[in-house]
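Below, all heavy atoms of this structure are taken into account, side chains as well, without hydrogens, waters or symmetry copies. It should be emphasised that the depicted structure is a prediction, and the values quoted were computed from it without experimental measurement.
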Amino acid sequence: MILIFSLWQSWGSLIHPSLSGLDFMMIIAWLETFLTIVIDLIRLHSDRHNQIVKGLPLFRWIMRRHEESRFNTSTYYILSSAILVSGCRLGWWESKVIIMALVVLGFADPAASWIRYRIHLAKRGAKATRLAGLFVFLAVGSLMVWLADLAMAGHADFSRLFCAVAAAALSEAYGSEIVVLVRPLTKKFQEAVKHPATWWMTRLYFAEDNLVIPLMFALTATLVGF
């Protein structure tokens, strides 16, 4: 995704003189988001279509068992990327924030998951497992954004970058608990509306790492004045 973002910034003018690279990327990102959401809705609506999609080469490689009855994690990733590019186009944050947000997701999140898995195998307590994952996320995420800043010849205030990484780490560690807390409200809303469309809302998992981590990083970086 970072490579695509870096290369496609100059593609807009090749299509139309008035089309900037960010305009082009935003169009492509939202088209991809629309297509992946439609594919997920179709397969969730029909078991037969779900099996067909699972048999396709791309989806067969990326779809895990627990994603058969929910939106694919790649859909959340593409959605977050589209929002990041759109925020950059609207002037909410700089383009380097997108790269840093994706770097944090790509390195810190897997590292935190791996250490939690190892500690779980060692049969440590849930609190120790979560804290270890949080610490590793902070360490790896801070290192990666620092390296990314150096690679882009930046001189960012590291304390502000650390705040953005910390916000992403907290959302990754405690996002699921927040979803559990607000679930009674979403159920009440669903019962009150009584419309089939509300069922689709229950399939969305708003604490999904691929969606929350990049957006939390970008929003916090903006709030702290990065």
Side-chain angles (χ1 to χ4, degrees), residues 1-12 20-26 28-30 33 73 76-116 119 127-179 206-226:
M1 185 63 72
I2 294 173
L3 179 62
I4 289 172
F5 177 77
S6 300
L7 294 177
W8 287 11
Q9 289 188 75
S10 59
W11 282 26
S20 69
L22 276 175
D23 290 330
F24 178 74
M25 282 210 60
M26 188 170 66
I28 294 298
W30 282 109
T33 301
T73 55
Y76 294 98
Y77 176 66
I78 294 174
L79 174 59
S80 66
S81 300
I83 296 174
L84 286 174
V85 173
S86 300
C88 183
R89 174 63 181 82
L90 295 172
W92 295 349
W93 44 71
E94 298 180 21
S95 59
K96 61 182 178 181
V97 171
I98 301 178
I99 295 176
M100 289 182 178
L102 296 179
V103 165
V104 169
L105 175 65
F107 289 91
D109 182 43
S113 299
W114 180 82
I115 197 66
R116 280 197 299 264
I119 294 178
K127 185 177 180 180
T129 302
R130 176 171 295 173
L131 287 176
L134 181 63
F135 175 78
V136 170
F137 191 107
L138 283 171
V140 175
S142 299
L143 174 63
M144 295 311 302
V145 295
W146 177 69
L147 292 175
D149 184 59
L150 286 180
M152 292 182 285
H155 302 282
D157 185 343
F158 186 75
S159 63
R160 296 180 181 182
L161 286 178
F162 181 79
C163 288
V165 174
L170 290 171
S171 66
E172 190 266 350
Y174 297 99
S176 58
E177 290 190 355
I178 296 175
V179 170
F206 292 102
E208 170 61 44
D209 292 346
N210 287 353
L211 176 64
V212 173
I213 291 174
L215 297 184
M216 186 61 68
F217 179 91
L219 289 173
T220 306
T222 302
L223 289 175
V224 300
F226 170 68

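Residues P214 and A101 share a closest heavy-atom pair of O-CB, 3.7 Å. Of all the heavy atoms in L134 and A173, the pair that sits closest is CD1-CB, 4.2 Å. What you find for V136 and A112 is that their closest heavy atoms are CG1-N, 4.0 Å. Listed here is the closest heavy atom pair of S80 and L215: O-CD2, 4.0 Å. Residues F137 and A169 come closest through the heavy atom pair CD2-CB, 3.3 Å. Nearest approach of G133 to I115, heavy atoms of both residues: CA-CG2, 3.7 Å.
Side-chain atoms of D109 and V104, non-hydrogen and from C-beta on, never get closer than 4.5 Å to each other. Contact annotation: the side chain of I213 never approaches that of Y77 to less than 4.5 Å [non-hydrogen atoms, C-beta and beyond]. In this structure the side chain of V97 never reaches within 4.5 angstrom of the side chain of C88, judged on heavy atoms. Proximity of E208 to T73: side-chain heavy atoms (C-beta onward) are separated by under 4.5 Å at one or more points.
Remark: F158 CZ is packed, more than 12 non-hydrogen atoms of other residues, nucleotides or ligands lying under 6.0 Å away.
Distance check: M100 CE to I98 CD1 gives 12.0 Å after rounding to the nearest 0.5 Å. Atom CD1 in I78 sits 12.0 Å away from atom CD1 in I28 (nearest 0.5 Å). Atom CG in L84 sits 10.0 Å away from atom CE in M25 (nearest 0.5 Å).
By the side-chain hydrogen bond (donor to acceptor under 3.5 Å, both in side chains) test, W30 is found to be paired with S86, residues two or more places apart in sequence or in another chain being considered.
Panel note: side chain N210, backbone Y76; no donor-acceptor pair is recorded below 3.5 Å. In terms of modelled atom types and a separation under 3.5 Å, the side chain of T129 and the main chain of R116 share no donor-acceptor contact.
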For residues 139-153, which side-chain N or O atoms pair as donor and acceptor with protein atoms under 3.5 Å away, sequence neighbours left out?
from	atom 1	to	atom 2	distance (Å)
S142	OG	L138	O	2.6
D149	OD2	A156	N	3.2

Solution key, residues 219-226 side-chain donor-acceptor pairs under 3.5 Å, sequence neighbours excluded:
from	atom 1	to	atom 2	distance (Å)
T220	OG1	M216	O	2.7
T222	OG1	W92	O	3.4
T222	OG1	A218	O	2.9

